Amino acid sequence: MRISKGFFPTVKEVPADAVIPSHQLMIRAGLMRQLGAGIFSFLPLGYAVMKKVMQIIREEMDAIGGQEFHLPALNPIEIWEETGRVKAFGDILFHIKNRALVLAPTHEEIITHIARNQIRSYKDLPQLWYQIQTKFRNEPRPKSGVLRGRQFTMKDSYSMDSSPEGLDASYNFHAEAYKRIYSRCGLNFFIVGASSGAMGGSGSQEFMIESDAGEDTVALCDHCHYAANLEVATSKMPSAVRLNGEKPLEEIHTPNIKTIDQLAKFLKIETNKCAKSLVYISGDTPVLIFMMGNDQLNETKLQAVLGADVRPAQPEELLALTGADAGSIGPIGLKAKFKIIADKRLEGANGMCSGANKNDYHIGNIDFNRDVKAEGYFDLRTVEDGESCPSCSSPLRIVKGIEIGHIFKLGTKYSIALGANFLDESGKEQPIIMGSYGIGVERIVACHIEQHHDANGIIWSKSIAPYDVHLICVNPDSEDIVKTSEELYNSLQSKGLAILFDDRTSVSAGFKFKDADLLGMPLQVVVGERNMKNQEVELKERATGKRWTVKVQSAVDAVNQFVKN
RNA sequence: CGGGGCGUGGCUCAGCCCGGUUAGAGCGCUUGGUUCGGGACCAAGAGGUCGGGAGUUCGAAUCUCCCCGCCCCGACCA
């Protein structure tokens, strides 16, 4: 494509609305334009990248036996009522005003609907169906360009099996295919175990890239590649050391001491000899939770232990339940009846100091075996940066991550809800066992830019670059240079390479170089006076900035070799 | 949904607090000329209901109220 004839609206200034590099560069390089909050138009260059990514996904899905569908975005609301997901999605689901239709935010219902009508026998299984289509979600707060939008392209696939073993196999095929997809797209990614949340089902993993723009927090081990969402991450932490000898409880006057740090300093003891007390309300039940020292409670873990929604108690509730304010609460002398649980680091701890349930007083020599009627000791703490990896003891890093894919073992939630059954070998009707596997296409593009850019612009990997080569005619007034660059343009194209040809006559050389770096094709070919004197053209590798010259007559081979390698 | 910020030519912004010429700058765009290896230069132009509405005032981009849109933080995120 000739830049002089095409639509390549680059912009020099950083757009005011864009904060993260990928968003800024996708606007500046003319990949897309914003239409509304979380809604973007993809321009030819951006769509070219999208198509490359989708093609890689297609190839890898086809390689594991996937069959591509094209499904409706308009769905009858009834089918979403059947699975209870109108309620589950709530305001996230877009509703059509003048028909009983919704805009599909995902396609489990529709796939299952097709399966219900067509799959009869275990002989029809397994099936692996996928689609690459636009999904609609009324995000409360779109952000970070294309990373969280109200409309986005997603590859969703759905596996249907007749046995749990079959599901495991389908799931593992996807895990492997996903690794190949992200690797081919040039992404540096990692995999974390995840909770399957409201999707239902048994197991799930998230594919993520590390980025400050991410919305998830993850504990990562660079040594053994342990990776876990902070919501479930663990680390090796020493348990309480049990001291010799029985000491009686001791009330200590601690004026204005509220925090563990203040308490430890005041009493000249380790923070680990202090037990922090927290009060949560789970359903209607007040729960008293003990954490060692400054350990932070992890509410997701707490919720998992209690099996119900939890919330911190209000200050008035604290006073009513314990007789003291936050900072003076402890296990001894409580006013109300509590369910009591503690972090497992505190199991068997003694000689501990905690609140006296009386403002300005703490109690020392607490023995958790003797004095605390805990119903159980659980892992309730939040892992912190630098703690030891649970599998190899190397220091963990706590980082932000962007989710680029998620695979679920759904099980039978949707097949039961929609009655998608098959007859097994004994002629008995069974619900189809399903899996669901998603990849955000725009997110791959944005994440690639997050990982591959510099101050001058995008640095595309060869696999997803919209063009293989950016050819620059530096001096449009020189007959020789125009002729050589035109010939190169034609002969490179005839080799099957995708060439972006900067043949503009109206812009200066510097402008062309800046645009080439901004657009980020892997290889730049510069035809200019400087090297044409020697019958040479310059090649520049965008990623490294490395430049070298080749003779004009061998340029096509040199470029071809670079692109194919 | 809570908190904060912003809305002025295509883009980035100044002007607003303290109302008063014809609403400005840089970039971009058009025309002509000079340039041509890292976002050139000169000259002449085009382009604005100052987000919308109501109000205060002799007079509103500027003050008041309402609405809309966008961005950021938080909540939320199968």
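What you see is a predicted model, and the numbers here were worked out from it, not measured in a lab. Each chain gets a letter, A, B and so on, in the order the sequences are listed, and its residues count up from 1.
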statement: For B:rA40, the nucleotide meeting Watson-Crick or G-U wobble distances (both under 3.5 Å) is B:rU34

task: Write out all pairs satisfying salt bridge (charged side-chain N to carboxylate O under 4.0 Å, His left out) with one or both partners inside residues 439-461 of chain A, taking only residues at least two apart or from two chains.
output: A:Asp454-A:Arg542

- prompt: Given the P atoms of B:rG45 and B:rG38, what is the spacing between them in whole Å?
  reply: 32 Å

- request: Quote, to the nearest angstrom, the P distance that separates B:rA61 from B:rG52.
  value: 11 Å

statement: Scanning all shown strands, the Watson-Crick or wobble mate of B:rA54 with both distances under 3.5 Å is B:rU64

task: Sequence neighbours left out, what passes ring-ring contact (aromatic ring centres under 6.0 Å, His included) with A:His174? Give chain and number order.
output: A:Tyr437

- prompt: Taking a pair as Watson-Crick or G-U wobble with both distances under 3.5 Å, which nucleotide is matched to B:rC17?
  reply: none

- prompt: NA contact type, A:Arg28, heavy-atom cut-off 4.0 Å: base, sugar-phosphate, or nothing?
  reply: base

query: Would you say the ring centroid of A:Trp129 lies under 6.0 angstrom from that of A:Tyr158?
result: no

- request: For A:Lys12 and B:rA40, give me the distance from atom NZ to atom P, rounded to whole Å.
  value: 7 Å

task: Could you tell me whether A:Arg311 atom CZ has more than 12 heavy atoms of other residues or ligands within 6.0 Å of it?
output: yes

- prompt: Between A:Pro15 and A:Ser506, who's closer to the 5' end of RNA chain B by nearest nucleotide?
  reply: A:Pro15

message: Mind checking if A:Leu518 touches a base, just sugar-phosphate, or nothing, with heavy atoms under 4.0 Å?
response: base

query: For the pair made of CZ in A:Phe513 and P in B:rA40, what is the distance, rounded to whole Å?
result: 12 Å

query: Are any of the side-chain nitrogens in A:Arg2 or A:Asp503 under 4.0 Å away from the carboxylate oxygens of its partner?
result: yes

- prompt: Separation of A:Gln524 atom CD from B:rG39 atom P, in whole Å?
  reply: 15 Å

task: Using a heavy-atom cut-off of under 4.0 Å over every strand shown, decide if A:Asp91 touches base, sugar-phosphate, or nothing.
output: nothing

- request: Check the angle between the aromatic planes of A:Phe189 and A:Phe207 and answer parallel, tilted or perpendicular using the 30° and 60° thresholds.
  value: tilted

Between B:rG37 (C1') and A:Asp502 (CG): distance, integer Å: 13 Å

query: What's the CD1-P distance between A:Ile402 and B:rC77, to the nearest Å?
result: 19 Å

query: Quantified in whole Å, what is the C1' atom distance between nucleotide B:rG19 and nucleotide B:rC27?
result: 31 Å

Between B:rU34 (C1') and A:Asn475 (CG): distance, integer Å: 16 Å

Nucleotide opposite B:rG59 in a Watson-Crick or G-U pair, distances under 3.5 Å: none

query: Using atom P of each nucleotide, how far apart are B:rC42 and B:rG4 to the nearest Å?
result: 46 Å

query: If you measure from the Lys or Arg side-chain nitrogens to the Asp or Glu carboxylate oxygens, is any gap between A:Arg547 and A:Glu538 under 4.0 Å?
result: yes

- line: Here the distance between atom P of B:rC76 and atom CD of A:Glu139, to the nearest Å, is 14 Å

message: Taking the P atom in each of B:rG39 and B:rG32, what is the distance between them to the nearest angstrom?
response: 26 Å

- prompt: What is the distance, rounded to the nearest whole Å, between atom NE2 of A:His470 and atom C1' of B:rG38?
  reply: 13 Å

statement: Given protein heavy atoms under 4.0 Å, the one-letter contact record of nucleotides 68-75 of chain B, with B base, S sugar-phosphate only and - none, is simply --SSBBBB

message: Once you apply a heavy-atom cut-off of 4.0 Å, does A:Arg547 come out as touching a base, just sugar-phosphate, or nothing?
response: base

message: Please determine whether a side-chain nitrogen of the Lys or Arg among A:Lys400 and A:Glu210 lies less than 4.0 Å from a carboxylate oxygen of the Asp or Glu.
response: no

query: So what does A:Lys135 touch, heavy atoms closer than 4.0 Å: a base, only the sugar-phosphate, or nothing?
result: nothing

- prompt: When we call it a touch if two heavy atoms are under 4.0 Å apart, what does A:Asp517 touch: a base, just sugar-phosphate, or nothing?
  reply: base

query: With side chains defined as the heavy atoms from C-beta onward, is the minimum distance between A:Leu187 and A:His448 less than 4.5 Å?
result: yes

